[in-house]
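Report on the following structure.
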Amino acid sequence: MAKRGRLDDVVIIGVGCSKFGERYDKSYEDLAVEAFEECLKDAGISREDIEAAWLGTFFPGFGGGMAGSSLADAIKIYGKPITRVENYCATGMEAFRNAVFSVAAGVYDIVLALGVEKLKDRQSRGLPRIDWHPLLAKGNTAPGVFALPAVRYMHKYGIDRKPLARVAVKNHRNGAKNPKSHFQKTITEEDVLSAPMVAYPFGLFDCCPVTDGSACSIIARKEVARELKKDYIKILGIGLAVTSARPQFKPDFEYIGFPATRLAAEQAYSMAGIKPENVDFAEVHDCFTWTEISNYEDLGFAEKGHGWKLIMEGETEIGGRIPVNPSGGLKSFGHPIGASGLRMIYEVVNQLKGRVEKERQVKLRNGIGLAHNLGGPGSVACVTILGAE
Ligand code: COA
């Protein structure tokens, strides 16, 4: 059966993002409000115009994120449909995807997707562990889980830690120019290689940090955007793929990349009717330095086993052939889980509109940007392709 498969009538009319970092002085609701106020102003509408909303939070807590009412109380929109969603670290883009599809379905004209996470107030170092088995889950932290395929990849393709270190150096350099990023500092390859080890091959600077923050988008029907006389960003394609949460037990898991990313990217490229070479730049899920390298390959920017050459040859730098993470990425901008996917959309929209800091602006050839959000042990991936008006 022929599928419509395109989102021609749906556009983004506003984006917002809070400052990311250690925000001990702000509550869960304060962070949501910070992002929302910027977004509302950008969209040029009033809060009453929003007909429905999706809230993305991965770790609900006493501060908020248990249900839709956490967003209602924060932004003072009551009596409307608000849905809380969660899909591992892809939670933010999942909230966006659901909001987009509600407009595509013709049910609403203007909706909000907002992601927010307050992680720094928790007791443990790193993220709390999700213990699904008392013995087999030992060492099952995010750095430990991603370290396994990273080691396999390094062995198979004969590389050392240097390409990984280059990813960290690039992303810190980009993030240092970004006023909202968690870390505002550049680092050297030597800093990365000599930092304390977290889970080999990942040292401190190979890991994204634990961050507080919020980001959001306002999505509308194209006709409504035109009536409002708003310049907008087009949604060309979205793909979501979910695989097993225990890929290590799958006999065919190769430990060199993530099938979920490949499958989500295929869906998004097919919906957009484009190929990876048509993409001008990308915001990808660099939870660990090696993950960014595997993403280059899984998103089709390089052949399997060749992604590390992109970073070594400077192709993913801001001035390179395919700039990746001009925002600073998760590594430097930070990773408040439920917010990250929407933070990527925020960056792609601002790059496409040419309104980021001059030294971070990428060169636009086709006016197409891609955002990629990965969750769990590579089990959930969401890819969104956006286009300039
Ligand atoms: N990158 C760079 N610097 C970092 C950092 C990171 N990822 N994490 C912490 N720092 C810095 C802090 O700013 C601080 O610097 P300062 O002493 O100059 O103030 C110092 O390192 C110590 O910070 P602290 O918060 O005590 O770090 P920690 O040891 O508790 O945590 C990690 C470090 C790597 C364990 C933690 O950042 C982590 O778990 N990251 C991964 C998060 C994750 O798994 N996300 C999901 C991905 S799928």
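Computation of the quantities below employed the complete heavy-atom set of this structure, encompassing side-chain atoms and omitting hydrogens, waters and symmetry-equivalent molecules. We count ligands from 1, going down the list as the structure has it; atoms in each ligand are counted the same way.
- Judged by distance alone, with hydrogens and angles left aside, the side-chain atoms of E117 form no donor-acceptor pair with the main-chain N or O of G213 at under 3.5 Å.
- Side-chain rings of F253 and Y255 approach one another, their centers coming within less than 6.0 Å.
- In this structure, N325 contributes its side chain and S327 its backbone to no donor-acceptor pair below 3.5 Å.
- Taking both residues in full, the closest heavy atoms of D206 and P201 are given as OD2-O, 3.7 Å, listed atom of the first, atom of the second, then distance.
- Between the side chains of H172 and K331, at least one donor N or O sits under 3.5 Å from an acceptor N or O.
- The main-chain N or O of L119 is found under 3.5 Å from a side-chain atom of D212 such that the two form a donor-acceptor pair.
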List, pair by pair, the atoms of ligand 1 and of the protein that are both N or O and lie under 3.5 Å apart, giving the separation rounded to 0.1 Å.
{"residue": "ligand 1", "atom": "1 (N)", "partner": "K331", "partner atom": "NZ", "Å": "3.0"}
{"residue": "ligand 1", "atom": "7 (N)", "partner": "C207", "partner atom": "O", "Å": "2.7"}
{"residue": "ligand 1", "atom": "7 (N)", "partner": "C208", "partner atom": "O", "Å": "3.3"}
{"residue": "ligand 1", "atom": "7 (N)", "partner": "P209", "partner atom": "N", "Å": "3.4"}
{"residue": "ligand 1", "atom": "29 (O)", "partner": "R125", "partner atom": "NE", "Å": "3.4"}
{"residue": "ligand 1", "atom": "29 (O)", "partner": "R125", "partner atom": "NH2", "Å": "2.9"}
{"residue": "ligand 1", "atom": "30 (O)", "partner": "R125", "partner atom": "NE", "Å": "3.1"}
{"residue": "ligand 1", "atom": "40 (N)", "partner": "C208", "partner atom": "O", "Å": "2.8"}

